[in-house]
Amino acid sequence: MLNIILSGAPGSGKGTQSQFIVEKYGLQHLSTGDVLRAEIKTGSELGKEIDAIISKGNLVPDDKMYGVIKNYISSLPKDCKGMIFDGYPRTVAQAESLTQLLKEYKMEAIMIDLLVDEQLLIQRLIERGKISGRADDNLNTIRHRIAVYHNQTEPITEYYLHQGNYFAVNGNHTVEDVFMQIERIISLANKI
Ligand code: AP5
C-alpha cells in the first residue's frame, strides 16, 4: 500500500497533483481543505466556526482535524491501494497523530513536499481567486496563509526527514513536469 502526504505551501499544487496521482495510481484522495469547505456549505454550527477560521487564513485546531482523519481512515474500502493526504498534517502534532493512527493499521506514509517560490505562490492564488470564490484567495489572506505555513507547517519537514521518508519536488515547473518528478519518487518508494 502506498500512502502519500502531499505537502507544500498554499498554491504549491497539492490539489492539482493529487488529481494526477489519483488518475494514474488509483489512490484515495483526502483534501482536508475540501472536507472543511464542505462542512461550511452545510451551514452547521461547526461549519460557521470553521468558516471564521479559514477565511482568516488560520489553521483549524488539531483536535478537530484528528476526528476528520480518523473517520476517513476507518471508512476506507478494504481494497484501498493507498491514500493521498492533501493538506494534512499541517503541524508537528498532526504529524505525530497521523503516524500513530497509521501504525494502528500497520501502515506508513511518505511525504512529498512541493517547493515553490513565494512570488509564484502569490501569483497563482491571486489568479485562482478571480474565479475560485474562496474567501481566503485575496492578497492579505494569502500572505497570512503563507506565514502560517512557514511557522506551523514547515517544521513537519524536519519530522519526516528524521523518519527517513521525506522527498522534495521542485514545484516551480509546469504541472506536467512536477508530476514527472512525483512519478519518479513513487517508483522509488515502491521499490523500498
Ligand atoms: P487547503 O484547501 O488545503 O488550501 P491550501 O493549503 O491553502 O492550498 P490551496 O488549495 O490554496 O493550494 P494547493 O497547494 O492545493 O494548490 P492548487 O493545486 O489548488 O486549506 C484551506 C484552509 O483549510 C487552510 O488555510 C486551513 O484554514 C484549513 N485546513 C486545511 N487543512 C488543515 C489542517 N490539516 N489543519 C488545520 N487546518 C486545515 O493550485 C493553486 C493554483 O495554481 C490553481 O489555480 C492551479 O491551477 C495552479 N497551479 C498548480 N500547479 C501549477 C503549476 N505547476 N504551474 C502553474 N499553475 C499551477
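One-based numbering, in listed order, for ligands and for the atoms of each.
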State which residue, out of Leu6, Val35, Ile84, Ile73, fulfils the side chain to side chain contact (heavy atoms under 4.5 Å, CB included) condition with Leu30.
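It is Val35; the other options fail the test.
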Please check whether [X] reaches ligand 1 - meaning an N/O of the residue sits under 3.5 Å from an N/O of the ligand, judged on distance alone.
| X | value |
| --- | --- |
| Arg128 | yes |
| Arg90 | yes |
| Gly57 | no |

For Asn58, the ligand 1 atoms whose distance to one of its heavy atoms is below 4.0 Å:
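Ligand 1 atoms under the 4.0 Å threshold to Asn58: 26 (C), 27 (O).
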Check contact between [X] and ligand 1, using heavy atoms of the residue and a distance below 4.0 angstrom.
| X | value |
| --- | --- |
| Ile53 | no |
| Glu127 | no |
| Ala9 | yes |

Return yes if some donor-acceptor pair links the side-chain N/O of Thr32 with the main-chain N/O of Gly87 below 3.5 Å, else return no.
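Checking the backbone N and O of Gly87 against the side chain of Thr32, a donor-acceptor pair under 3.5 Å is found.
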Considering heavy atoms of the protein only, find what lies nearest to atom 46 (O) of ligand 1 and give residue, atom and distance to 0.1 Å.
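For atom 46 (O) of ligand 1, the nearest protein heavy atom is Thr16 OG1, 4.1 Å.
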Per the side chain to side chain donor-acceptor pair (under 3.5 Å) rule, which among Gln17, Gln19, His29 passes with Asp86?
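So the option named by the test is His29.
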Hey, is Arg37 close enough to Asp34 for a salt bridge, meaning N to O under 4.0 Å?
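Judged by the 4.0 Å cut-off on N to carboxylate O distance, Arg37 and Asp34 do form a salt bridge.
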Please determine whether a side-chain nitrogen of the Lys or Arg among Asp137 and Arg145 lies less than 4.0 Å from a carboxylate oxygen of the Asp or Glu.
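Salt bridge flag = yes for Arg145 with Asp137.
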